[in-house]
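Notes follow the structure.
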Amino acid sequence: MQEDIQPESPLGRAKCRYYPTEGYYPKKAYAEALRLIAEAVQDERGDELFYDYLLSKAPSEEQRAVIAAIRDDERKHQRMFRQLYCELTGKAVPPGEPERFEPPRTYLEGIERALFGELRAVEMYRRILFGLKDLAYRNMVTEIWTDELKHACKWNFLYTLNTCRDN
């Protein structure tokens, strides 16, 4: 077993410790990553349906283009997570619950829901990342979570744009 190397902090007083504290790739983190990857496939599909709805409510072609780009990324993420799950387990992602869609009361409420959904996804995908050892898989998940951060910025732009227009 590799020794746990703990470099000194820049201040030289305390030792740094990398998360997760039980070791770099504990078995429970890997098992959780597999569970979360399967969950992410369902979440990405739900996001795609939700964004299709917002596309139909967008007030301008500029906003539709932004939402369509985000939706297309969500489709890509779903394919990537399916591939990742299959490569790690040798199995297809198990079917999940059918997506239930509840439309937002307003377009602006939908944008707000989408924004916070992207930020929750970043948190979840970070937990997936902690359970993966192979660099190629970690790179795939990094691509996905950085896309989610980019999406959050775009949703923030649309929220600001529509809030300013409403006022």
Side-chain angles (χ1 to χ4, degrees), residues 4 6 9 16-55 66-89 91-163:
D4 190 11
Q6 296 182 13
S9 75
C16 296
R17 190 141 175 103
Y18 176 77
Y19 179 83
T21 57
E22 297 172 36
Y24 289 94
Y25 304 102
K27 287 182 183 176
K28 73 178 189 178
Y30 179 72
E32 179 184 33
L34 292 178
R35 181 184 62 75
L36 291 173
I37 290 167
E39 187 178 316
V41 169
Q42 296 302 315
D43 291 348
E44 293 290 348
R45 176 64 181 139
D47 289 348
E48 180 185 346
L49 295 171
F50 184 60
Y51 299 164
D52 278 340
Y53 175 81
L54 289 177
L55 263 171
V66 171
I67 297 169
I70 294 170
R71 185 221 34 222
D72 293 347
D73 277 350
E74 300 300 343
R75 289 176 176 163
K76 176 186 77 171
H77 298 166
Q78 188 183 54
R79 287 190 308 272
M80 290 173 75
F81 276 131
R82 284 184 185 282
Q83 175 188 343
L84 183 58
Y85 189 88
C86 183
E87 288 182 18
L88 291 171
T89 66
K91 302 174 186 173
V93 175
E97 296 286 319
E99 277 302 317
R100 283 188 240 144
F101 174 69
E102 184 175 322
R105 288 178 295 164
T106 65
Y107 177 65
L108 195 58
E109 181 185 288
I111 291 172
E112 184 177 345
R113 189 189 308 174
L115 170 61
F116 285 100
E118 297 288 351
L119 296 174
R120 277 189 305 279
V122 171
E123 294 290 327
M124 181 173 148
Y125 300 164
R126 184 169 56 193
R127 290 173 38 215
I128 291 171
L129 190 66
F130 288 153
L132 300 176
K133 196 173 198 177
D134 185 274
L135 182 60
Y137 298 142
R138 292 175 63 83
N139 288 345
M140 284 176 74
V141 175
T142 298
E143 178 181 342
I144 294 169
W145 72 259
T146 55
D147 279 352
E148 301 295 338
L149 289 173
K150 178 182 68 175
H151 298 165
C153 292
K154 289 180 177 183
W155 288 119
N156 195 27
F157 164 74
L158 292 176
Y159 187 85
T160 303
L161 185 68
N162 285 280
T163 301

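No hydrogens, no waters, no symmetry mates; every other heavy atom, side chains included, goes into these values.
- One finds the CG atom of L158 at 10.5 Å from the OG1 atom of T163 (value rounded to the nearest 0.5 Å).
- Between the CG atom of N162 and the CD1 atom of I111 there is a distance of 4.5 Å, given to the nearest 0.5 Å.
- Residue L115 comes nearest to A152 through the heavy atom pair CD1-O, 3.2 Å, listed as atom of the first residue, atom of the second, then distance.
- The side chain to side chain contact (heavy atoms under 4.5 Å, CB included) check on A114 picks up F50, Y51, L54, W155, with sequence neighbours excluded.
- Taking 4.5 Å as the limit, some side-chain heavy atom of F81 sits within range of a side-chain heavy atom of I144.
- Distance CD/E123 to CH2/W145: 10.5 Å, rounded to 0.5 Å.
- Aromatic ring centroids of Y159 and F116 lie 6.0 Å or more apart.
- Atom CD1 of residue I128 and atom CD of residue E39 lie 8.0 Å apart, to the nearest 0.5 angstrom.
- When the options D147, D43, D72, D47 are evaluated for a side chain to side chain donor-acceptor pair (under 3.5 Å) with H77, the one that passes is D147.
- Y85 and P94 make their closest contact through OH-CD, 3.7 Å (heavy atoms, listed as atom of the first residue, atom of the second, distance).
- For the atom pair R82 CZ and Q78 CD, the distance stands at 5.0 Å (nearest 0.5 Å).
- Every residue two or more places apart in sequence or in another chain that forms a ring pair (Phe, Tyr, Trp, His ring centres under 6.0 Å) with Y53 is listed here: F101.
- Counting heavy atoms from C-beta on, the side chains of M124 and R120 never come closer than 4.5 Å.
- How far CZ of R138 is from CZ of F130: 8.0 Å, rounded to the nearest 0.5 Å.
- Between A33 and G131, the closest heavy-atom pair is CB-CA, 4.0 Å.
- Side-chain atoms of R127 and R35, non-hydrogen and from C-beta on, do get closer than 4.5 Å to each other.
- Annotation: side chain of Y30 is in contact with side chain of L88 (closest heavy-atom distance under 4.5 Å).
- When each of K154, H151, E48 is tested with D73 by the rule side chain to side chain contact (heavy atoms under 4.5 Å, CB included), just one qualifies, namely H151.
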- Query: After noting the C-alpha distance and the side-chain angles of I37 and T89, does the key distance pass the side chain to side chain contact (heavy atoms under 4.5 Å, CB included) rule?
  - Reply: CA-CA 11 Å; I37 290 167; T89 66; over 6 Å; no
